[in-house]
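Structure record follows, encoded as structure tokens.
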Number of protein chains: 4
Amino acid sequence: MVVANHIAGKIERGELKLGQRLPSELDLAEQYGVARMTVRRAMKELRERGLIRSVHGKGTYVQQPDPPAENVDR
Amino acid sequence: MVVANHIAGKIERGELKLGQRLPSELDLAEQYGVARMTVRRAMKELRERGLIRSVHGKGTYVQQPDPPAENVDR
Amino acid sequence: MVVANHIAGKIERGELKLGQRLPSELDLAEQYGVARMTVRRAMKELRERGLIRSVHGKGTYVQQPDPPAENVDR
Amino acid sequence: MVVANHIAGKIERGELKLGQRLPSELDLAEQYGVARMTVRRAMKELRERGLIRSVHGKGTYVQQPDPPAENVDR
DNA sequence: GTGGTCTAGACCACA
DNA sequence: GTGGTCTAGACCACT
């Protein structure tokens, strides 16, 4: 999960800001020198961690920097 | 094919009647919250199923409520 | 041909530069307060005068400022 | 439908043989100088004509050189 | 002002 | 790395 962690780090350090669009999966694959599938697996990981949000046909966006937030309702 | 099936359902349930004009593709796109191209793919599907008929420059109309049905005997 | 002439003027005065993209036909129609058809007729006029070039699915672009140029070959 | 017809011609003239794999949609888009979506529309057309068969994740293949033909006797 | 075609480029699913 | 689906938005053709 080197790709996922690398991107997660960027988000947590604020290098990628909330709402910002990530490079496309193809671009990321090239940048990291890995296959598209590997990038997609990393994206899935980050999506499940709640760090990014993918929008079909548009792109994937940074969603939250870190804290679970626990805004249950209130 | 959620859009196509949703509209097909309306036609089959008689909520959209024979000869009735559907909203424009642009309106449908807004209503369903999708891009116009997605609506057009759905329209193509329905056209091929024989449920609607599109007239260039005019609109698209309900053509049949149900399949051929072939209830010949019985 | 008020729309065509207005845009032609802009091109000739250099307010619209070579290679620049014009607003979409829809936007132009709104800006001039006319129907889309009127804009399209104006675009056709300008295309025939060699002032603009339309690219399907992309946009229409300024092509030449004015002179017929007569670059026959040489 | 220039792309569809061009490829259909190749198939019918036997330049593309039964079972042969076509270039990828991306390659065809480059070869014909059109967008991939345009190639896909052409492929859909050819699929419906029964000339090709697309396999998700693998490629698209020539299926028949000619229509059913019905050369039963003779 | 509608449907028709196209661009450019994203994410998705499969093998 | 291919085909599959989608976005957003342009010009085209018709009525």
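Per chain, numbering begins at 1; letters A, B, ... match sequence-line order.
Between C/Ser24 and the phosphate of F/dG9, there is no side-chain N or O to OP1/OP2 separation shorter than 4.0 Å.
Residues A/Lys17 and A/Val62 form no side-chain contact, since every pair of their non-hydrogen atoms from C-beta on lies 4.5 Å or further apart. Using a 4.5 Å heavy-atom threshold, the side chains of D/Ile7 and D/Met43 count as touching. Using a 4.5 Å cut-off on side-chain heavy atoms (C-beta onward), B/Thr38 and B/Arg41 make contact.
Note that the CD1 atom of C/Ile52 and the CZ atom of C/Arg21 stand 12.5 Å from one another [nearest 0.5 Å].
One can place CG of B/Asp27 at 13 Å from C1' of E/dG3, the figure rounded to the nearest angstrom. Per the geometry, CG belonging to B/Leu26 stands 9 Å off P belonging to E/dG3, to the nearest Å. Atom-to-atom, CD1 of B/Ile52 to C1' of E/dT2 comes out at 13 Å; the value is rounded to the nearest Å. Rounded to whole Å, the distance from CZ on A/Arg53 to P on E/dA10 is 17 Å. Rounding to whole angstrom units, CG of residue B/Leu22 and P of E/dT2 are separated by 13 Å. We find that CD of D/Glu30 is positioned 11 Å from P of F/dT2, with the value rounded to whole Å. Taking atom CG on A/Leu46 and atom P on E/dC11, their separation rounds to 13 Å, with Å as the unit.
Shortest non-hydrogen contact noted between C/Glu45 and C/Ala4 is CG-CB, 3.9 Å. The minimum heavy-atom distance linking A/Leu22 with A/Tyr61 is given by the pair CD1-C, 4.4 Å. Contact detail for B/Leu28 and B/Pro23: the closest heavy-atom pair is CD1-O, 3.6 Å. When all heavy atoms are compared, the tightest approach of C/Arg49 to C/Ala8 is NH1-CB, 3.5 Å.
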For nucleotides 4-8 of chain F, list the nitrogen or oxygen atoms of the protein found under 3.5 Å from its nitrogen or oxygen atoms, one pair per line.
from	atom 1	to	atom 2	distance (Å)
F/dG4	OP2	D/Arg40	NH1	2.7
F/dG4	OP2	D/Arg40	NH2	3.2
F/dG4	N7	D/Arg36	NH2	2.5
F/dG4	O6	D/Arg36	NH1	2.9
F/dT5	O2	A/His56	NE2	2.6
F/dT7	OP2	B/Ala35	N	2.8
F/dT7	OP2	B/Thr38	OG1	2.2
F/dT7	O4'	A/Gly57	O	3.4
F/dA8	OP1	A/Lys58	NZ	2.9

Under the rule of Watson-Crick or G-U wobble with both distances under 3.5 Å, where | means paired to another strand and [ ] a crossing pair, DNA chain E maps to ||||||||||||||.
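Counting any heavy atom pair closer than 4.0 Å across all strands shown, C/Arg21 reaches sugar-phosphate atoms only and no base atom.
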Full working for side-chain contact (heavy atoms from CB on, under 4.5 Å) between D/Leu51 and D/Glu12: CA-CA 9 Å; D/Leu51 290 172; D/Glu12 277 150 14; 4.3 Å; yes
